[in-house]
Number of protein chains: 2
Amino acid sequence: MAAKANPVPSVWTRQQSAPDQPALSRTAIVREAVVMLDADGIEALSMRKLGARLNAGATSLYRHVATKDELMELAVDEVAAEITVPPADAARGGAGWRAAATEAAASFRATALRHPWLSSVLGQAGLAYLGPNLMSYSERLAALFTAAGFPEPSRAIDTLLSYVIGMSTTEAAWLTTVARSGDTEGEFIARLMPAAQQAAAGHDHLAEAYADAAVRAPVDPVALRDAKFAYGLDVVLDGLEMRLPR
Amino acid sequence: MAAKANPVPSVWTRQQSAPDQPALSRTAIVREAVVMLDADGIEALSMRKLGARLNAGATSLYRHVATKDELMELAVDEVAAEITVPPADAARGGAGWRAAATEAAASFRATALRHPWLSSVLGQAGLAYLGPNLMSYSERLAALFTAAGFPEPSRAIDTLLSYVIGMSTTEAAWLTTVARSGDTEGEFIARLMPAAQQAAAGHDHLAEAYADAAVRAPVDPVALRDAKFAYGLDVVLDGLEMRLPR
DNA sequence: AGAGGTTGCGAACACTGTGCGCGTCTGCGT
DNA sequence: ACGCAGACGCGCACAGTGTTCGCAACCTCT
């Protein structure tokens with residue numbers, strides 16, 4: 001409103017505050033950091049590059065963010081908002097909790113694969129983040145498993161999350177390696193196979209497993225990974241179901 | 001090297017052999033790198049510091065190791081040798097496989113907690129390492145689960161390993177955070193609790209969980225973590241047992 | 001209009017991983 | 001016993017990193 005006041009005689013000399021960018025704000029910084037992380041991986045993110053991307057100097061970012069580690073915390077909490085958890089009501093029936101848990105797990109995995117750097121950060125800093133989105137995520141999980149009837153919901157959650165984190169981390173790291181190679185997943189497997197089989201020489205079970213993978217994996221690696229995740233998830237859910245009082 | 005120790009280059013001051021260090025070898029470098037990683041964490045390891053620790057210049061290391069990433073691969077394989085797996089015979093009976101799997105899982109966890117940087121590296125690079133020790137580890141796992149009678153041993157292994165990796169990673173990251181704070185685990189929890197409870201305000205289930213933790217955790221955090229790991233492991237093993245043909 | 005606080009930025013510091021070229025040392029073939 | 005090729009260690013240098021500091025420009029309120 002006060003911006004309408006024109007201290008300069010000519011309209012043309014008056015730049016409308018910031019014509020290109022909506023200034024430099026904490027949320028804008030975090031959002032752009034996530035974009036860069038998604039695009040080029042975790043080691044490609046530097047404060048200078050991030051600043052440049054925002055038409056700003058590197059050190060300007062420190063007005064809104066204390067340190068790079070804090071920026072990473074914020075980025076983690078930012079993408080944590082994407083993880084969905086079905087409402088607790090879905091679990092109250094008795095059979096519904098399994099579908100709900102499956103859906104929650106799938107959402108976590110999808111998010112972790114969409115932002116492969118997430119696993120790296122979690123591996124280094126853990127889950128002690130306390131960001132609002134992560135908190136509300138934990139809360140919804142707790143509500144779901146409490147409604148399902150688990151006497152110790154946090155135990156069940158820890159178990160499920162450990163499996164999902166472990167699988168997603170491994171998968172994300174794999175996909176990062178593949179992406180960095182420039183090949184498609186099938187090509188990369190084909191190119192890696194000789195080395196793997198040679199390294200497995202003398203290890204009978206491994207050699208057999210690799211021989212299996214050599215013929216099955218190039219067909220549809222994505223479906224294979226999906227199936228692997230679903231298998232382990234069912235195992236965990238079966239085990240949890242046994243703990244559910246009937 | 002002899003010239004460096006002598007302030008005056010002269011025939012008379014020259015020492016003809018270097019009795020202090022057993023030269024600079026790949027294995028010595030890797031071994032010392034592991035020591036440094038264990039002591040000060042992953043971000044404290046630099047080529048210069050490592051070189052200094054070995055009475056050598058930083059760039060000398062590159063005669064034995066192509067790059068720092070390769071050094072990390074070697075370090076991972078080095079500590080992978082510490083993970084034990086019971087012999088496959090232990091599983092052949094029928095009931096023995098469970099105890100064997102539990103033992104293998106415990107050994108993995110113990111190694112991951114002894115070398116907390118391991119999880120960080122795995123989170124960034126995955127398991128596509130192909131080092132001899134990791135290969136033989138996989139082989140022994142495959143032998144164990146094949147002997148146990150699993151029709152698809154790799155599926156069972158992936159499931160179990162995902163859980164173990166996820167839990168160990170989270171735990172290692174937590175312990176790293178604690179260690180960096182300088183407090184004991186109990187003190188750290190006590191110091192973190194107010195912030196956690198405030199962040200949990202409005203989240204009923206979380207608040208309750210934290211209230212529980214506030215009274216239970218300071219007693220014996222180690223035993224609590226052990227129990228948590230054992231609980232989830234039993235869940236996974238129960239689920240796997242259902243897949244075992246009888 | 002002046003004061004006070006907020007924001008952006010350039011320069012600088014202490015580091016990092018790593019390529020290059022040079023000197024030295026070692027072991028082998030004669 | 002000699003000479004030489006290759007391995008080895010190292011100082012220098014380069015490009016880049018996160019972060020601090022002091023200064024200038026701006027916005028808002030009195």
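Order of the sequence lines sets the chain letters (A, B, ...), proteins ahead of strands, with each chain counted from 1.
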Length of the [atom1]-[atom2] vector between [X] and [N], whole Å:
{"X": "B:L61", "N": "D:dC8", "atom1": "CG", "atom2": "C1'", "answer": "12 Å"}
{"X": "B:I29", "N": "D:dC8", "atom1": "CD1", "atom2": "P", "answer": "10 Å"}
{"X": "B:L24", "N": "C:dC25", "atom1": "CG", "atom2": "P", "answer": "17 Å"}
{"X": "B:I42", "N": "C:dG17", "atom1": "CD1", "atom2": "P", "answer": "12 Å"}
{"X": "B:L50", "N": "C:dT18", "atom1": "CG", "atom2": "P", "answer": "12 Å"}
{"X": "A:M47", "N": "C:dA12", "atom1": "CE", "atom2": "C1'", "answer": "17 Å"}
{"X": "A:E43", "N": "D:dG16", "atom1": "CD", "atom2": "P", "answer": "15 Å"}

Nucleotide N/O to protein N/O under 3.5 Å, stretch nucleotides 12-14 of chain D:
none

I'd like to know if the side chain of [X] and the backbone of [Y] have a donor-acceptor N/O pair within less than 3.5 Å.
{"X": "A:Y163", "Y": "B:G166", "value": "no"}
{"X": "B:S107", "Y": "B:A104", "value": "no"}
{"X": "B:K228", "Y": "B:M167", "value": "no"}
{"X": "B:S46", "Y": "B:K49", "value": "yes"}
{"X": "B:H64", "Y": "B:L24", "value": "yes"}
{"X": "A:E187", "Y": "A:T184", "value": "yes"}
{"X": "A:E139", "Y": "B:D204", "value": "yes"}

Estimate the overall bend of the helix from C:dA1-D:dT30 to C:dT30-D:dA1 from the end axes over five pairs each, rounded to 10 degrees.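 The value is 10°.
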
Between B:S60 and D:dC8, does any side-chain N or O lie under 4.0 Å from OP1 or OP2?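 So the side chain of B:S60 is outside the cut-off, no N or O lying under 4.0 Å from OP1 or OP2 of D:dC8.
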
Is any side-chain nitrogen or oxygen of A:K49 closer than 4.0 Å to OP1 or OP2 of D:dG16? no

Please identify each residue that fulfils ring pair (Phe, Tyr, Trp, His ring centres under 6.0 Å) with B:Y62, with sequence neighbours left out. none

Holding to ring pair (Phe, Tyr, Trp, His ring centres under 6.0 Å), I want the full list of residues that pass it with A:Y137, two or more places apart in sequence or in another chain.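 For A:Y137, no residue satisfies ring pair (Phe, Tyr, Trp, His ring centres under 6.0 Å) once neighbours in sequence are set aside.
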
For residues 63-72 of chain B, which residues have at least one heavy atom under 4.0 Å from DNA chain C? B:R63, B:T67, B:K68

Would A:I42 and A:T176 satisfy side-chain contact (heavy atoms from CB on, under 4.5 Å), going step by step from the backbone distance to the final call? CA-CA 10 Å; A:I42 196 171; A:T176 299; over 6 Å; no

Sequence neighbours excluded, every pair satisfying ring pair (Phe, Tyr, Trp, His ring centres under 6.0 Å) that has a member inside residues 169-188 of chain A: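 Listed once each, the pairs are A:W174-A:F188.
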
Among C:dG17, D:dG18, C:dC9, which nucleotide sits nearest the side chain of B:Y62? C:dG17

